[in-house]
2 protein chains.
Amino acid sequence: MLTERREQLLRFIVDEYVRSAQPVASSAVVQRYALPVSSATIRNEMARLEDEGYIVQPHTSAGRVPSDKGYRYYVEALMRPQEPPAAIQQTIRHQFHQAAGETDEWAHLAAAVLAARLSYVSVVTAPHAAQTRLRSLQLVSVHDFVALLVLVLQETLVLQQTLTLDRPLSQAELAGVAAHLNSLYAGRTVDEIRAMQMEHRSFEAQTVHAALDLMESEEAESFGEAYLEGLRDMLLEPEFAQGDRMLALMDLLGRSNLDKAIPLARAAGDQPARPGEVTAIIGSEHPQDAMQQCSVVISPYGGPSGLRGAISVVGPTRMNYSRTVSMVRYMSGIMEELLDAYFG
Amino acid sequence: MLTERREQLLRFIVDEYVRSAQPVASSAVVQRYALPVSSATIRNEMARLEDEGYIVQPHTSAGRVPSDKGYRYYVEALMRPQEPPAAIQQTIRHQFHQAAGETDEWAHLAAAVLAARLSYVSVVTAPHAAQTRLRSLQLVSVHDFVALLVLVLQETLVLQQTLTLDRPLSQAELAGVAAHLNSLYAGRTVDEIRAMQMEHRSFEAQTVHAALDLMESEEAESFGEAYLEGLRDMLLEPEFAQGDRMLALMDLLGRSNLDKAIPLARAAGDQPARPGEVTAIIGSEHPQDAMQQCSVVISPYGGPSGLRGAISVVGPTRMNYSRTVSMVRYMSGIMEELLDAYFG
DNA sequence: AATTAGCACTCGCGGGGTGAGAGTGCTAAC
DNA sequence: GTTAGCACTCTCACCCCGCGAGTGCTAATT
């Protein structure tokens, strides 16, 4: 347990280091926060904080920098995240008002807004249902031997796939097949459709097979489409100024690794995993080496009919936790509101 | 006009510089290419090449580096791009065989293959029709007051948008409206539909309006979805080792600027613009400052019914033009073949 | 017991000097 | 036209050094 004064001091050090990205000196904190004690006293206190592992010094004659343990203490006990100012809330709500109805657009927009407000990388996954229900299916003739299968699933998710036909089929014939299959299967889940065990003739069988495959591969995804924004701004942070640091970050968050990064963040983040709750994973708390320089603030969100997604922000460990947590929490709330309003 | 020997020398210098990324010295070229003359002779010839602007030296005591004019001469007269080896062709064809029928997938795959083979950034736009034709339209009930409009356009392009309803409509009612509109408009272009000047009641009118808007905004795009790959590998090239160079490149090719970068490349590239032809734009030939360190190799491709797209590779001016041009040409051919096979 | 002034000590950083190495241009001979 | 030889130029890596920043310790003060 820390004394009152040492807590205070740790808070100052974190705030100051987040602001300046420079190790903070004893004299700097007495000056900036107009403390009624001398720098020598602060030095003594700093030595104690260092003994207990909350701060470290990069080298002998430098100021102090918070350790991951220090950040953790700060996040847990020191910071007081508060709601974004009303003006900003209104601006954000207005932006969402434009993108009515497209769940993927919401996620994309949420990522863009977070990135713009925080200058860190944000990753938002679109809402995704654990079990999907077929709303309707359509077959469209593209060419004599090629047809397009369009599936509309629960909650405006549209999937498509081309089918190569054994024999030419007209649009009318295709429509007939689609109508028949719709009458059988509309409103049902994969499991229900399988359970029905219907017999189908050649092309119908092919269609049903393709549709079930599509639905299953969709369900296999544990999240919807992921949107990443703000990489460029984050590269401007001083910790990534060197080329190699930058590369490491690109490797971590590059387009192709995104698929891997998400589940990782999630795996670490879903200890409480209750929708609406915000979790922070700080530096060395990450299981993967590559992320030990970064912190992640993550919040799952949920909506009606099992819709789930996650909002997360990745930044340097020296991030503004207070602002980040409050923005993530706020955006998570927005997503839940939207889902409720449209599908509730 | 260059003498035979100076041409040869220029070729060596380009080849060697592309390989090593180091200024090439007179002695280096006699050694590596076992020339029957001394380095002093080469120095004399180099001095002439420099007078005429084909090569430059970064500083007095360094070797020579090709200028943009030198690269241009090389591309125009010196290199002999040849088809990729049969084994590679087969591998690539095999990869495309997997992704049957999805035009966006083809484009994505083409970008990935180019990036992997060349280690430069590749940008491929999916095929896109100048004028689109409605194949069919479907309305799906999401919720009492929310419906989903799904448009299938010519060549497997699927668009969707949610509609907010004035009054609740059942799935059956929606299906009725869709059937009616399909019977009127299926197979027609935006212009044709507008010309028909049909009168519609409230919800039908809303649907038609939304559909036409979607189709028009689609037609307004001059290209389909763009896929960018290989950024990470290109960042490893020595010209981008410093942090600021890297940032500049990210700014140029970052996800958000992609929309802008494409038309730029295209605008510069469509002088001949005949499908299948390959154009190179080298360094300072770019109108925009930001690209003066880069070269672009670009080839439009075309298919039946006005489908168009472009394949391009962005690399440092010190790129392997021969390999790049041949790969771009080859991929362009592959795309045309695929389009013919599926929509011809 | 806590605080503080004073001071010696440590360390990183930037500037200037330097020597080696690379590569050229020129000159004179072939 | 070619080439050996050589002086010249320029970069780069290295080291040294002094400055400034900041600390830890000690002894005096409250």
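The structure displayed is predicted, hence computed values, not measured ones. A, B, ... follow the sequence lines: proteins, then strands. Residue 1 opens every chain.
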Short heteroatom pairs, N/O only, protein and nucleotides 21-23 of chain D, under 3.5 Å:
residue : atom : partner : partner atom : Å
D/dG22  : O4'  : A/Ser61 : O            : 3.3
D/dT23  : OP1  : A/Ser26 : N            : 3.0
D/dT23  : OP2  : A/Ser26 : N            : 3.4
D/dT23  : OP2  : A/Ser26 : OG           : 2.6

Got a list of protein N/O to nucleotides 28-30 of chain C N/O distances below 3.5 Å?
none

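Between the side chains of A/Ser322 and A/Tyr74, no donor-acceptor pair of N or O atoms lies under 3.5 Å. B/Arg5 and B/Gln8 share no side-chain donor-acceptor pair at under 3.5 Å. For the residue pair A/Gln293 / A/Glu239, no side-chain donor-acceptor distance below 3.5 Å is found, with atom types taken as modelled. A donor atom on one side chain and an acceptor atom on the other are not found under 3.5 Å apart for A/Tyr227 and A/Ser122.
In this structure, CG on B/Asn320 lies 11.5 Å from CE on B/Met327, to the nearest 0.5 angstrom.
Heavy-atom contacts from other residues, nucleotides or ligands closer than 6.0 Å to CZ of B/Arg6 number more than 12.
For B/Ser39, the side-chain hydrogen bond (donor to acceptor under 3.5 Å, both in side chains) test picks out B/Arg43, with sequence neighbours left out.
Per the geometry, NE2 belonging to A/His59 stands 5 Å off C1' belonging to C/dG12, to the nearest Å. Taking atom CD on A/Glu45 and atom C1' on C/dA2, their separation rounds to 10 Å, with Å as the unit. Rounded to whole angstrom, the span from the CZ atom of B/Arg48 across to the C1' atom of C/dG25 amounts to 15 Å. Summarising the geometry, the separation between CZ on A/Arg6 and P on C/dT3 is reported as 10 Å, rounded to the nearest angstrom. B/Ile42 places its CD1 atom 13 Å from the P atom of D/dA4, with the value rounded to the nearest Å. Regarding B/Asn44, its CG atom lies at a distance of 9 Å from the P atom of C/dG25, rounded to whole Å.
Looking at which nucleotide of DNA chain D each of A/Ala40 and B/Ser39 is closest to, the 5′-most match is held by B/Ser39.
The closest side-chain heavy-atom distance from A/Val14 to A/Leu78 is not below 4.5 Å.
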